[in-house]
Amino acid sequence: MSLPPRLSRLSSSSLPKTPPLQTLLKRGFTPTLKSINQLLLFLSHSRRFNAVIHLFSQLDSNKINPNSQTHSILICSLLKLHKFEEAEHLVSTQMSKCPDFPKTRFWDSLIQGFGVIRNNPEKGLLLLKDCLSDSGTLPSSFTFCSLIHGFVSQGNMDRAIEVLELMTGDNVRYPFDNFVCSSVIVGFCKIGKPEVAVRFFENCMNSGALKPNVVTYTALLSSFNLLGKFDEGCELVYSMKKEGLALDAILYSCWILGYFRNGCLMEALRKYREMVERGINPDTVSYTVLIDGFSKEGSVGKVVGFLKKMLKDGVMPNVITYTAIMLGFCKEGKFEKAFRLFKEVQDMGIEVDEFMYATLIDGACRKGDLHDTALYQLR
DNA sequence: CTAGGGTTAG
C-alpha cells in the first residue's frame with residue numbers, strides 16, 4: 001500500500017525525525033528525567049495529550065521517577081482531555097509534595113471542569129470548599145461565577161446562594177460583577193421569584209460595586225415583565241438610553257414583549273421599527289415575540305408579513321415561531337391552514353412538541369368539528 | 001479577554 005505522492009512527501013519531510021521515546025526506551029536507552037520532561041512539554045505544546053499520558057505510563061516500568069514538573073504536564077494533559085477524575089486524584093496526591101505546583105490554576109480547571117463541562121456543580125462546590133480550606137489558593141472569580149451559573153441553570157438557587165456567600169466571605173471578597181448578577185436574577189425568575197430578583201439587583205447596586213451592563217439590565221427587565229411592572233420596565237430602558245448604553249436585539253425583544261403583555265400592540269410595533277432604524281437586526285426570538293403578540297390578537301396579516309420578512313432576511317423560524325403562527329391561524333378559525341403548516345413543519349424535519357399539538361387541538365376544538373377533521377391525523 | 005440576558009397552550 002503506497003501513499004499518494006503529496007502525503008508521502010509530508011510524512012517524510014515535515015514530521016520529526018527522532019524516533020519516539022517509547023522506541024528509545026525499548027532499545028535500552030536511559031534518558032535523563034530532564035529530557036523526558038522536555039519531550040513531555042513538546043508533546044503537550046503540540047497538543048498530543050494522549051501521547052503525554054501514554055509516555056508517562058511507561059516511566060514507572062522503566063524505573064524513571066517523575067518530578068513535580070512531570071506531574072504538572074501530566075495534569076494539564078488530563079485536564080485538556082477532560083479526564084477530571086484522574087486529574088483530581090493527581091492534584092490531591094501531589095499537591096502537598098510539590099510546593100511549586102500551579103495549584104490555583106489546577107483548582108480552577110478542576111472546579112470548572114466538574115461544574116460546567118460535567119454539568120455537576122455539586123461536585124464543583126465540594127472541590128471549591130476543599131480549595132478554600134487550603135489557604136493560599138483562591139480560585140478565580142470566573143470559577144465562582146461558573147458554579148453559580150451551573151446551579152442557576154439547574155434551578156438550584158439555594159446552592160447558587162451558597163456559592164455567592166463564599167464569594168463574599170472574608171477570605172475571598174470578590175465583588176458581584178455583571179456575570180454573577182445577571183445569572184442570579186435569572187435564577188430567581190426561573191424559580192418564580194422575580195420580586196427577589198429585583199431585590200437582589202437593588203442590593204448589588206447599593207453595594208456600589210456594580211455597574212450594570214445590557215445583560216444585567218435585560219435580566220432585570222425580564223423580572224419586571226414577570227411582575228407585570230410595565231412602567232418600571234419602560235423607565236429602565238429610558239434610563240439605559242440616557243446612560244448611553246447600546247441596546248441590542250435581546251433587550252429590545254424583552255422590551256417589546258412587555259408592550260404586548262400590556263396590550264400595547266401599536267407601541268410594540270413602533271419599538272420594533274425603532275430597533276430596525278438603529279441598525280439592530282431582529283433574530284429568531286425577536287420575530288417570534290412579534291409573531292406571537294400579533295397572533296394572540298388575531299392579526300394574521302401582520303403575522304404572515306413578519307414570517308415573510310424573517311425568511312427574506314435569512315432568520316430561521318423555530319418550533320416556537322411556527323406554534324405562534326398556528327395559533328394565529330386557529331384564532332382566525334383557519335384550522336386547515338394551521339394543519340397544513342403543521343405538516344410542512346414536520347416535513348422540514350423540525351421536531352414538533354406538546355405546545356404545538358396543544359395549539360392545534362385547541363384550534364380544532366374551537367371549530368367544533370372534532371370528529372371529522374384532520375385532528376385524527378394528528379396522532 | 002469573555003461569560004451572563006429574551007420567545008410557546010390549557
Side-chain angles (χ1 to χ4, degrees), chain A residues 108 112 115-116 140-153 160 164 176-190 194 197 200-201 204 210-226 233 236-237 240 245-261 268 271-272 275 280-296 303 306 310 315-331 338 342 345 350-366 378:
Chain A
D108 277 324
Q112 290 175 36
V116 181
S140 73
S141 70
F142 183 72
T143 294
F144 284 86
C145 290
S146 32
L147 272 191
I148 289 172
H149 186 249
F151 282 125
V152 162
S153 42
L164 212 57
F176 292 168
D177 58 11
N178 280 296
F179 194 167
V180 171
C181 193
S182 54
S183 292
V184 174
I185 292 174
V186 168
F188 280 123
C189 288
K190 214 178 246 177
F200 177 79
F201 172 81
C204 285
L210 180 75
K211 191 172 186 328
N213 63 9
V214 64
V215 179
T216 301
Y217 279 135
T218 307
L220 182 64
L221 180 58
S222 153
S223 317
F224 286 142
N225 278 349
L226 287 170
L236 174 68
V237 183
M240 287 177 75
L245 270 174
L247 312 188
D248 63 11
I250 303 184
L251 191 282
Y252 264 104
S253 307
C254 204
W255 193 24
I256 290 170
L257 183 68
Y259 278 104
F260 278 120
R261 297 233 171 118
K271 294 311 164 195
Y272 159 73
M275 163 183 183
I280 300 161
N281 294 325
D283 62 8
T284 301
V285 180
S286 316
Y287 279 117
T288 303
V289 167
L290 289 160
I291 287 174
D292 184 67
F294 285 110
S295 272
K296 282 183 173 133
V303 169
F306 278 120
M310 71 189 289
V315 180
M316 290 318 287
N318 62 20
V319 65
I320 305 179
T321 322
Y322 284 119
T323 303
I325 298 169
M326 287 175 196
L327 180 77
F329 286 146
C330 290
K331 283 247 172 191
F342 171 75
V345 167
I350 293 178
E351 189 93 33
V352 301
D353 62 6
E354 56 176 314
F355 288 100
M356 194 170 268
Y357 277 108
T359 305
L360 281 174
I361 291 168
D362 187 64
C365 294
R366 245 170 237 278
L378 279 177

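Predicted model, so just to flag it, every value in this text is computed and none were measured. Only this structure's heavy atoms are used, side chains among them; waters, hydrogens and symmetry mates stay out. Protein chains get the first letters and strands the later ones, always in sequence-line order, with residue 1 at the start of each.
Side chain A:S183 to base B:dG5: no donor-acceptor pair is found below 3.5 Å. Side-chain N/O atoms of A:N178 and base N/O atoms of B:dG5 include no donor-acceptor pair closer than 3.5 Å. Put simply, the side chain of A:S253 and the base of B:dG6 share a donor and an acceptor less than 3.5 Å apart. Residue side chain A:D177 does not reach the base of B:dG4 through any donor-acceptor N/O pair under 3.5 Å, judged by distance alone.
With rounding to whole Å, A:F201 atom CZ is found 16 Å from B:dG5 atom P. Following rounding to the nearest Å, A:L245 (CG) and B:dG5 (C1') show an atom-to-atom distance of 13 Å. Rounded to an integer number of Å, the gap from CG of A:D353 to C1' of B:dG10 is 14 Å.
Checked against a 6.0 Å centroid threshold, the rings of A:F260 and A:F294 count as neighbours.
Rounded to the nearest 0.5 Å, atoms CZ (A:F151) and OG (A:S153) are 10.0 Å apart.
The closest side-chain donor-acceptor pair between A:D292 and A:S295, if any, does not fall under 3.5 angstrom.
Note on A:R261: every side-chain N or O is 4.0 Å or more away from OP1 and OP2 of B:dG6.
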Criterion side chain to side chain donor-acceptor pair (under 3.5 Å) on A:D283 and A:S286, from CA distance to verdict: CA-CA 5 Å; A:D283 62 8; A:S286 316; 2.8 Å; yes

